[in-house]
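Accompanying notes for the structure given below.
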Amino acid sequence: MALAQAISGLLTAISGSGRIAHIMAMNIALSLGAAAATYTIGTIAHQILHIAIT
């Protein structure tokens, strides 16, 4: 997933003439942050509400 986001960030930076390393790192960080937030919300829902999503 990080590799896909890095490639996406590379293409975005090239097309927008931005700082390549900064854009790539931001794409990776945002994706990992979103995944962590989703996992955390799911874990809390499972523990408090006894909801199991399979």
Side-chain angles (χ1 to χ4, degrees):
M1 192 261 322
L3 179 62
Q5 288 302 318
I7 292 169
S8 173
L10 174 67
L11 295 175
T12 303
I14 289 172
S15 68
S17 67
R19 295 185 343 215
I20 294 174
H22 176 74
I23 299 293
M24 289 172 68
M26 189 171 12
N27 274 8
I28 292 169
L30 288 173
S31 295
L32 291 175
T38 303
Y39 179 79
T40 302
I41 290 169
T43 300
I44 290 170
H46 177 68
Q47 290 178 353
I48 293 174
L49 303 173
H50 305 288
I51 296 173
I53 300 173
T54 57

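Everything numeric in this text was worked out from a predicted model, so none of it was measured.
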List for me each residue that meets side-chain contact (heavy atoms from CB on, under 4.5 Å) alongside Ile51, sequence neighbours excluded, and say none if there are none.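 Leu49, Ile53.
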Report the residues that fulfil side-chain contact (heavy atoms from CB on, under 4.5 Å) with Thr43, sequence neighbours left out, ordered by chain and then residue number.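 Only Tyr39, Gln47 meet the side-chain contact (heavy atoms from CB on, under 4.5 Å) criterion with Thr43.
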Exercise answer: donor-acceptor pairs, residues 26-38 side-chain atoms, under 3.5 Å, sequence neighbours excluded:
residue : atom : partner : partner atom : Å
Ser31   : OG   : Gln5    : OE1          : 3.2
Ser31   : OG   : Asn27   : O            : 3.1
Thr38   : OG1  : Ala34   : O            : 2.9

Output the rest of the hydrophobic cluster of Ile20: all Ile, Leu, Val, Met, Phe, Trp and Tyr residues reachable through side-chain heavy-atom contacts under 4.5 Å, sorted by chain and number.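 Other cluster members: Leu10, Ile14, Met24.
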Please collect all side chain to side chain donor-acceptor pair (under 3.5 Å) contacts where either partner lies in residues 6-16, sequence neighbours excluded, each pair once.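 Sorted result for residues 6-16: empty, none.
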